[in-house]
Amino acid sequence: IVATAGHIDHGKTTLVRALTGVDTGRLPEEKARGISIDLGFAHCTLPGGETVGFVDVPGHERFVRNMLSGVYAVDHVLLVVAADDGVMPQTREHLSIVELLSVREGTVVITKCDRVPRDRVAEVSCEVRRLLEDGPLRGAEVIEVSAVTGAGLDRLRARLEAARATTRAARRPYDLPARFVVDRVFSLRGSGTVVTGTLIGGVVATGDSLVISPAGTPARVRGLQRHGLAVERAEAGERCAINIPVDREAVSRGDWLVAPAAHRPTQRIDVRLTVLGSEAAPLRHWTPVHLHIGAADVPARVAIRRGVSVAPGGTAHVQLRLERPIQAARGDRLILRDQSAMRTGA
């Protein structure tokens, strides 16, 4: 699963369309405004026959919440930077998010290379390499493309094929209870409620009994699709669509489909928290925040031992106390944003 990341109007959706033939902008407002507002999904078959799924995310600062719903369980990130603009604010914020979520595989894509002189492309390439040099994506391959002329797209496809082989060889948590992140819900005539998302643990098969968590509503798997084709089972690390016989209102983005043994909702979680070095002040006890985990966005407060704060760049064990129950498990990654939901802090 590959996610885009980057500032608004840097060509993420155009790049995905050039690679897959799919326009991920599905909302009328997106068509009218010419920007991505919500998540978009596409897939393509690579030259070697492997299939890769894409999650295209919005780049506007107002829609970072939607972006966070789509990048929770991806294998690879395409950090998209336009050759005319260079590194911009959401380039930095999106990069911080994928780093905090432990996405360790990525490719830098310099887009719109047909619009600027060659020396400008080289300048932006150096700028991005400097941005990455202290993080886990240091040394990521930089590929210069034009979705208009097609330049660089074959090289990018070859890069994705190599990354797909690495992902296939990695260990997947098949032996854990099934846990499925719900990032989209809709109804189909004749089928009923369908949820899409990513299976981050275990295996799901047609006929399985699951639970919509945190509500606790039982849900049976009536049918499964992967990349638009009906399948009998899905495994950890795969995106799929699951048809469940429940009312449309019984499930929403941010919920999970889990095996009954994994349904353990909670309003308190103990976490190991790292505050971004770019923060201007320490994180203090009882600070109100937005917690992003899976595709959920939940108001919370940070409980720190009395008299202690977490300095920018620092790490500490803290407790998060939530306004409503969530589904969480040991090892889950999370993101904290400030109370106004305008800044990623930890």
Side-chain angles (χ1 to χ4, degrees), residues 1-6 10-24 39-57 70-83 91 94-95 98-99 101-114 121 124-125 128-129 132 135-174 183 196-200 225-229 231 233-241:
I1 304 171
V2 177
T4 61
H10 277 204
K12 298 184 293 298
T13 299
T14 302
L15 177 65
V16 172
R17 184 169 63 241
L19 291 169
T20 68
V22 175
D23 183 0
T24 58
L39 302 174
F41 306 99
H43 67 273
C44 71
T45 302
L46 298 171
E50 297 283 359
T51 301
V52 59
F54 291 88
V55 181
D56 184 33
V57 307
V71 298
Y72 186 74
V74 303
D75 303 298
H76 194 96
V77 62
L78 296 181
L79 183 63
V80 178
V81 183
T91 311
H94 284 201
L95 177 61
V98 298
E99 289 179 347
L101 290 174
S102 288
V103 180
R104 296 293 183 259
E105 297 291 333
T107 303
V108 176
V109 184
I110 309 295
T111 57
K112 306 185 182 183
C113 291
D114 56 306
V121 176
V124 172
S125 179
V128 177
R129 286 190 170 94
L132 300 181
L137 295 182
R138 178 179 183 179
E141 187 170 350
V142 178
I143 299 179
E144 302 161 5
V145 308
S146 166
V148 175
T149 67
L153 293 180
D154 285 344
R155 183 184 168 194
L156 179 55
R157 292 187 182 97
R159 166 64 179 144
L160 292 174
E161 192 152 44
R164 177 69 179 83
T166 302
T167 301
R168 186 175 56 240
R171 178 185 178 276
R172 289 290 187 180
Y174 303 123
D183 57 33
T196 70
T198 303
L199 190 61
I200 68 169
Q225 282 195 359
R226 187 174 62 243
H227 303 313
L229 301 175
V231 295
R233 57 182 268 152
E235 299 179 341
E238 294 181 335
R239 278 196 64 83
C240 60

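Scope of the values below: all heavy atoms of this structure, side chains included, with no hydrogens, waters or symmetry mates.
- For the pair Asp56 and Phe41, the minimum side-chain heavy-atom distance is 4.5 Å or more.
- The two residues Ser146 and Asp114 make their nearest non-hydrogen contact at OG-OD1, 3.0 Å.
- Under the 4.5 Å side-chain criterion, counting only non-hydrogen atoms from C-beta, Arg129 is in contact with Val142.
- Considering every non-hydrogen atom in both Lys12 and Val80, the closest pair reads CG-CB, 3.8 Å.
- In terms of heavy-atom proximity, Val22 sits nearest to Ala42 at CB-CB, 3.8 Å.
- Atom CG of Asp23 and atom CZ of Arg17 lie 5.0 Å apart (nearest 0.5 Å).
- With rounding to the nearest 0.5 angstrom, the CZ atom of Arg159 is 15.5 Å from the CG atom of Leu153.
- Under the 4.5 Å side-chain criterion, counting only non-hydrogen atoms from C-beta, Thr198 is not in contact with Tyr72.
- Contact check for Leu137 versus Thr107: no side-chain heavy atoms found under the 4.5 Å cut-off.
- Under the 4.5 Å side-chain criterion, counting only non-hydrogen atoms from C-beta, Val2 is not in contact with Val74.
- Minimum interatomic distance between Lys112 and Gly11 (heavy atoms only, all atoms of both residues): CE-N, 4.3 Å.
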**Request:** Just do the side-chain contact (heavy atoms from CB on, under 4.5 Å) check on Val108 and Leu78 with the steps written out, would you?
**Result:** CA-CA 6 Å; Val108 176; Leu78 296 181; over 6 Å; no
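- Taking CD from Glu141 and CG from Leu156, the interatomic distance works out to 9.0 Å, rounded to the nearest 0.5 Å.
- Thr20 approaches Cys44 most closely through the heavy-atom pair CG2-CB, 3.9 Å.
- Residues Val81 and Val109 have side chains not in contact (no heavy-atom distance under 4.5 Å, counting atoms from C-beta outward).
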**Request:** Go through Leu46 and Thr51 one step at a time and tell me if the side-chain contact (heavy atoms from CB on, under 4.5 Å) criterion holds.
**Result:** CA-CA 6 Å; Leu46 298 171; Thr51 301; over 6 Å; no
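- Side-chain atoms of Cys240 and Gln225, non-hydrogen and from C-beta on, never get closer than 4.5 Å to each other.
- Between the CZ atom in Arg239 and the CD1 atom in Ile1 there is a gap of 6.5 Å [rounded to 0.5 Å].
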**Item:** side-chain contact (heavy atoms from CB on, under 4.5 Å) between Glu144 and Val121, intermediate numbers included
**Value:** CA-CA 8 Å; Glu144 302 161 5; Val121 176; 3.4 Å; yes
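- The closest side-chain heavy-atom distance from Leu39 to Val55 is below 4.5 Å.
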**Prompt:** Where do Asp183 and Thr196 land on the side-chain hydrogen bond (donor to acceptor under 3.5 Å, both in side chains) test, with the steps shown first?
**Reply:** CA-CA 6 Å; Asp183 57 33; Thr196 70; 3.1 Å; yes
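- Taking SG of Cys113 as the start and CD1 of Ile143 as the end, the distance is 11.0 Å to the nearest 0.5 Å.
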**Message:** Quick one, Val128 with Val124, criterion side-chain contact (heavy atoms from CB on, under 4.5 Å). Give me CA distance, side-chain angles, the key distance, then yes/no.
**Reply:** CA-CA 6 Å; Val128 177; Val124 172; 4.3 Å; yes
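- Residues Gly53 and His43 approach most closely at CA-CB, 4.1 Å, considering heavy atoms.
- Summarising the geometry, atom CG belonging to Leu15 is positioned 13.5 Å from atom NE2 belonging to His10; distances are rounded to the nearest 0.5 Å.
- The pair Arg233-Glu235 counts as a salt bridge, with a side-chain nitrogen and a carboxylate oxygen less than 4.0 angstrom apart.
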